[in-house]
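What follows is a single structure, written as structure tokens, with notes after it.
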2 protein chains.
Amino acid sequence: MEPERQDEGGAATGTLGKAIAVLETVALADRPMRFTDVLAVSGQPRGTLHRQLSHLVQEGLLELRPDHSYTPGLRLLKLASASWARNEFRAVAAPFLEALHRETGETVHLGVLRGREIIYLDKVESRQAVRMNSQIGNASPVYCTGVGKAALSVLDAAALNAILSGLEFRRFTPQTLADRASLLAELSEIRASGIAFDREEHEPGIRCVAAPVFDAGRALFAGVSVTGPAYRVGQEQLDGWAPRVSHAARAITAELAARLGPQR
Amino acid sequence: MEPERQDEGGAATGTLGKAIAVLETVALADRPMRFTDVLAVSGQPRGTLHRQLSHLVQEGLLELRPDHSYTPGLRLLKLASASWARNEFRAVAAPFLEALHRETGETVHLGVLRGREIIYLDKVESRQAVRMNSQIGNASPVYCTGVGKAALSVLDAAALNAILSGLEFRRFTPQTLADRASLLAELSEIRASGIAFDREEHEPGIRCVAAPVFDAGRALFAGVSVTGPAYRVGQEQLDGWAPRVSHAARAITAELAARLGPQR
DNA sequence: GACATAAATTCCATTATTTGGAACTGAGTT
DNA sequence: AACTCAGTTCCAAATAATGGAATTTATGTC
């Protein structure tokens, strides 16, 4: 057995960590799971898992339906609601994302740099509020997403270096920038133009334009993007959207400085 | 010390329960809390609390900022997104709530009966997506809210009796129905009309019209409401909205039966 | 800049909780 | 009636949490 993980963080969180892993398994599943379903993926002994699920149910984080399937509980929804409403960065950016979506008609993302990955914080997809899609909270590589490259482009040399060293490149598509030199070259172009593209570098058939959003004082490096399918969105279209994306990104950056900057 | 709680559920959830209590304290606070702030409300020893917070941070449920304040973490946002998107009942009702809001211009609520309380599941307030307000997940008394009385009105005698026995009435305003007899009388009127009002019975200056939503097969009893301030919304206005509210409630109820009913 | 004060963090023997294999229950099937 | 499978309960052993006190680190004051 592996006694330690090499990842950042380090120490084990004991009981809580296992319980949250179970919670996440159930909450992120695309359909209600029954006891045996959870047992199969959790890799824990029956007795242990049963007690963990019982505790989660008692706490209101999960709900046990009459048919013995587990679903997210109302208390989780409450925490959900609160953490969503109180994420300042997301809240500041939201109206700009909406505007960008109205202007382009395509999917708009807000992603933030976290270690060596991009985590999606918000997404605006359809005009009707189909908010909080499951994409939110998910991680993607920095080096082959528009938002990722945009965020990298505004890092200082030291921080960039810290991320690049130890970054493992994987070729997702033929277009993926799969080595340090290509990425660095691309980043200096992005620094010059203020715009990053994803030309089917992560997923075949998916393109995007992105621009950086940041608040250096808070070590916040992020990006906004407009994404579309390649069959409908050509390079000219991306170029056409670039000014709007850039404008939105600068507006959010300015708003961050104004709203969060002059505190205490 | 009290060895047991008389509340439903019973057994203690040990470590997890305490950790979640801490998580909730921080996540529901209206501003970032520092260690001492949490210590003051948690009532736990320093060492214990510190380890709990550390674990929550390591799990990504909380985030520790450079200024030593704790805020909800990205993993909580991820769980948020998922549990929000996957709550079937909320998702089924959402478009009808939107429509009701467009028709009335006032705040629309969706609340569900949980034990002896109403828990708010969704809320549509402004046209711009200010969704997931902090009200969501909060509990209110059944006997003095429109949604609560609407939900009670569709319960069968046994279930209603189980809730009423042991219900403690509190007079929030001069209009509050603060005893069983008044409430029962009101409920039979609601049963006859299919419409419940809150005439400043819970909060002074706040009125609403509500109608019941239910899926008896799943023991789901809920309600939708349109709420407004008394200075702007008179009884005539509530009466005027009543048909629309009632229509929305029946539409949701029907949709539930169609979407959730014929499963397995 | 040095000092005083408060806040945050670490330590570790004690204590309580989790662990997990196995036995039990009950519903559905052959 | 015997069999299977999902879910639940049990309890001695192993493990993780506890919490008071000491230590380090931040913050404010003169």
(Q) Looking at A:R75 and B:E24, is any side-chain nitrogen of the basic one under 4.0 Å from a carboxylate oxygen of the acidic one? (A) yes
**Q.** Sub-4.5 Å side-chain heavy-atom contact between B:L183 and B:F169
**A.** yes
Q: Check the distance between C:dT19's P and A:L53's CG and give it to me in whole angstrom.
A: 12 Å
Q) In terms of side-chain geometry, is the basic nitrogen of A:E63 or B:R114 positioned less than 4.0 Å from the acidic oxygen of its partner? A) yes
Q) OP1 or OP2 of D:dC5 sitting under 4.0 Å from any side-chain N/O of A:T36? A) no
**Q.** Phosphate OP1/OP2 of D:dA6 contacted by A:R34 side-chain N/O (<4.0 Å)
**A.** no
Q.
Tell me whether the side-chain N or O atoms of A:R46 pair up with the base of D:dG7 as donor and acceptor below 3.5 Å, since no angle test is needed here.
A. yes
Q: Take atom CG of B:L49 and atom C1' of C:dT10, then tell me their distance rounded to the nearest Å.
A: 14 Å
(Q) With heavy-atom distances below 4.5 Å as the criterion, would you say the side chains of A:V224 and A:H109 are in contact? (A) no
Q. So, is A:T15 near the phosphate of D:dA17, with a side-chain N or O under 4.0 Å from OP1 or OP2?
A. yes
**Q.** Residue B:Y70, side-chain heavy atoms: nucleotide from C:dT9, C:dT19, D:dG20 that is nearest
**A.** C:dT9
Q | Short side-chain N/O contact from A:H50 to OP1 or OP2 of D:dG7, under 4.0 Å | A | no
(Q) Check A:R218 with A:D215, please: is the shortest side-chain N to carboxylate O separation under 4.0 Å? (A) yes
Q) Under 4.0 Å between a Lys/Arg side-chain N and an Asp/Glu carboxylate O for A:E88 and B:R65? A) yes
Q. OP1 or OP2 of C:dT19 less than 4.0 angstrom from a side-chain nitrogen or oxygen of A:R51, does that happen here?
A. yes
Q) When we call it a touch if two heavy atoms are under 4.0 Å apart, what does B:Q44 touch: a base, just sugar-phosphate, or nothing? A) nothing
Q) Heavy atoms under 4.0 Å, any strand shown: does B:T48 hit a base, just sugar-phosphate, or nothing? A) base
Q: Have a look at B:H68 and say if it touches a base, only the backbone sugar-phosphate, or nothing, with a 4.0 Å heavy-atom cut-off.
A: sugar-phosphate
Q: With the side chain of B:F35 defined as its heavy atoms from C-beta on, choose the nearest nucleotide among C:dG20, D:dT8, C:dT9.
A: C:dT9
**Q.** Euclidean distance, atom CG of residue B:L39 to atom C1' of C:dT9 [Å, nearest integer]
**A.** 13 Å
Q) What is the distance, rounded to the nearest whole Å, between atom CG of A:D67 and atom P of C:dG26? A) 20 Å
(Q) For B:S69, is there any backbone N or O sitting under 3.5 Å from a side-chain donor or acceptor partner on B:R34? (A) no
Q: Pull out every residue in residues 21-31 of chain A that has a heavy atom closer than 4.0 Å to any atom of DNA chain D, ordered by number, or say none.
A: none
Q. Taking NE2 from B:H55 and C1' from D:dT15, how many angstroms apart are they, rounded to a whole number?
A. 13 Å
**Q.** Residue-phosphate contact under 4.0 Å: B:K18 side-chain N/O, D:dT18 OP1/OP2
**A.** yes
**Q.** Gap between atoms CG and P, on A:L16 and C:dT18 respectively (whole Å)
**A.** 12 Å
Q: Answer whether the closest heavy-atom distance between the side chains of A:L184 and A:L164 falls below 4.5 Å.
A: yes
